[in-house]
Amino acid sequence: MDASGLMARVERRWSTTPGFLAEIRSVVASLVPVVDASPELASEGVLERLLEPERVLMFQVPWRADDGEVHVNRGYRVQFNNALGPYKGGLRFHPDVDLDLFLSLAFEQVLKNSLTGLRLGGAKGGSDFEPRGRSDAEVARFCFSFMTELHHHIGAAVDVPAGDIGVGGREIGYLFGAYKRLVGRFEPGALTGKDPVWGGSFVRREATGYGLVYFVREMLRARGDDLAGKRAVVSGSGKVAIYAMEKLEQLGAQVAACSDRGGALVDPDGIDVAIVKRLKEVERTGLAGYLEARPRARYLKGANAWAEPCQLALPCATQDELGVRDARRLVANGVQLVAEGANLPCTADAISALTGAGVAFAPGKAANAGGVATSGLEMQQNAAQQAWTFEDVDARLQAIMAGIHASCRQAAERSGSPDDLRTGANVAGFERVARAMLDLGVV
Ligand code: NDP
Ligand code: 2IT
């Protein structure tokens, strides 16, 4: 089928999931020249097969709260493509999730995981459960119920979930405990993001944020520039944001602001990451508590972080968090580079406004791939029953991020626009998956 016939069919098939459809359109726009140039890709239906998720699971998750009330959440797992390896991708617990979002994120994950150069297929899942405000016992009961269904569909060679929004070390612990009980064996390769004490990898916790900054360093290096003295703004204050801020500071940049669901935090002396870590990782409270320790800082309720002047803007919270007005404001304030730590945080018109103004832009599937890449390293250690040092894993992460940057740039050059990392990431990610799909046949 030619590309226009295929798109007409895709438009009909996915008309009830507009977010996923928009995601497909934007990726296919990059891929049409590649597919047109290779008759084999068309005759083997590679693009058509790639755009169809291999399996979509939706299931009930009943659990009882501490007050005795019964709650019923919905669980999801989209196993999108496993041509390169076992399905792999995070679990998100957040009230706003739906099938449309999980389809988009799982498709994004296929290309991202391919870019890492490791043997990882793509998946995503989670639930509309909100862990905030729930006791540890409630989170544990929810995780057990969720895993009661999910364990049928995962495993070290099948599908390997990890964390994402609302799923951190605590949730991965409960999920792994439930899995171990339900299957009756200790199978560390079935989940990543585990604590290093019981089978996790050093650097996995830091990997997405650190990897993002390593990627930004490569982008700057390609322009003969570096991070020293740069003023950065990071949105969010979760796992990705915290370790992006930590690495920015280690490499000589200053972080002017970050944010959470309640508002933006601006510190004229630079954000003190240790305080954010304590508030978010230990006390699990909001950022407003930061002001007690740093009276010169301000917490702007209801605001996002993009009004703060900066040279580097790193959206690290959630999808669609940086719109066209934010983009114009960043441009007016002199932003030079925007790199996505979150998945799909910049809207399409925001990206056009940024790139149209000459701002360097890195898509999440490339810039935030350090998390899943280090999950891949965790799987390698589990398979070999080894535990590598922090320095060893960090060095591998740096090499992987430099490799992703190089392959995106090379693919962008082949596509005729060397600075267009969006096209480069789509093409480079697609090429590896397509090669594997051709080799494995129509199955
Ligand atoms: P966390 O749950 O640790 O942190 C999420 C942060 O985003 C929190 O600060 C949260 O605010 C904020 N947030 C959540 N929902 C909203 C919203 N609707 N509007 C504004 N802010 C919001 O998640 P992660 O740090 O793990 O993930 C952040 C992003 O990075 C996601 O897009 C995720 O898919 C992506 N990502 C994560 C990877 C990982 O390894 N964890 C890997 C690659 C990408 P609050 O503090 O108030 O809850
Ligand atoms: O979006 C992502 O890449 C993640 N949440 C990490 C996935 C993983 O399997 O480590």
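Counting convention: from 1, in listed order, for ligands and their atoms alike.
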Electrostatic pair Lys277-Glu246, nearest N-O below 4.0 angstrom: yes
Starting from [atom], what is the nearest protein heavy atom, named by residue and atom, and what distance separates them?
atom: atom 38 (C) of ligand 1; value: Thr208 OG1, 3.6 Å
atom: atom 19 (N) of ligand 1; value: Thr318 CG2, 3.7 Å
atom: atom 32 (O) of ligand 1; value: Asn343 N, 3.1 Å
atom: atom 8 (C) of ligand 1; value: Gly238 N, 3.9 Å
atom: atom 10 (C) of ligand 1; value: Arg261 NE, 4.0 Å
atom: atom 33 (C) of ligand 1; value: Asp164 OD1, 3.1 Å
atom: atom 37 (C) of ligand 1; value: Val240 CG2, 3.5 Å
atom: atom 31 (C) of ligand 1; value: Ala317 O, 3.4 Å

Heteroatom distance test ([X], ligand 1): nitrogen or oxygen, under 3.5 angstrom:
X: Gly166; answer: yes
X: Arg92; answer: yes
X: Ala241; answer: no

Mode of Thr374 contact toward ligand 2 - side chain, backbone, both, neither (heavy atoms, under 4.0 Å): neither
Mode of Glu108 contact toward ligand 2 - side chain, backbone, both, neither (heavy atoms, under 4.0 Å): neither
Run the numbers for me: atoms of ligand 1, each under 4.0 Å from some heavy atom of [X], listed by number.
X: Arg132; answer: 47 (O), 48 (O)
X: Lys280; answer: 45 (P), 46 (O), 47 (O)
X: Cys316; answer: 28 (C), 29 (C)
X: His94; answer: 15 (N)
X: Ser237; answer: 9 (O), 46 (O)

Close approach, Arg92 and ligand 2, non-hydrogen under 4.0 angstrom: no
From the candidates Lys239, Lys112, Gln109, Glu130, the one that places a heavy atom nearest atom 26 (O) of ligand 1: Lys239
Nearest neighbour of atom 4 (C) of ligand 2 from the list Leu191, Asp164, Thr192, on a heavy-atom basis: Asp164
Option from Gln386, Gln381, Glu378, Gln380 for which side chain to side chain donor-acceptor pair (under 3.5 Å) with Ser201 holds: Gln381
Phe102 six-ring centre to Lys124 NZ/CZ under 6.0 Å and within 45° of normal: no
Face-on cation placement of Arg396 at Trp388 ring, 6.0 Å and 45° thresholds: yes
Within-shell test, Arg204 vs ligand 1, heavy atom, strictly < 4.0 Å: yes
Asn368-ligand 2 polar pair, N/O distance under 3.5 Å: no
Within-cut-off N or O pair, Gly163 and ligand 2, under 3.5 Å: yes
Side chain to side chain contact (heavy atoms under 4.5 Å, CB included) between Ile165 and Val97, worked out: CA-CA 10 Å; Ile165 294 179; Val97 301; over 6 Å; no
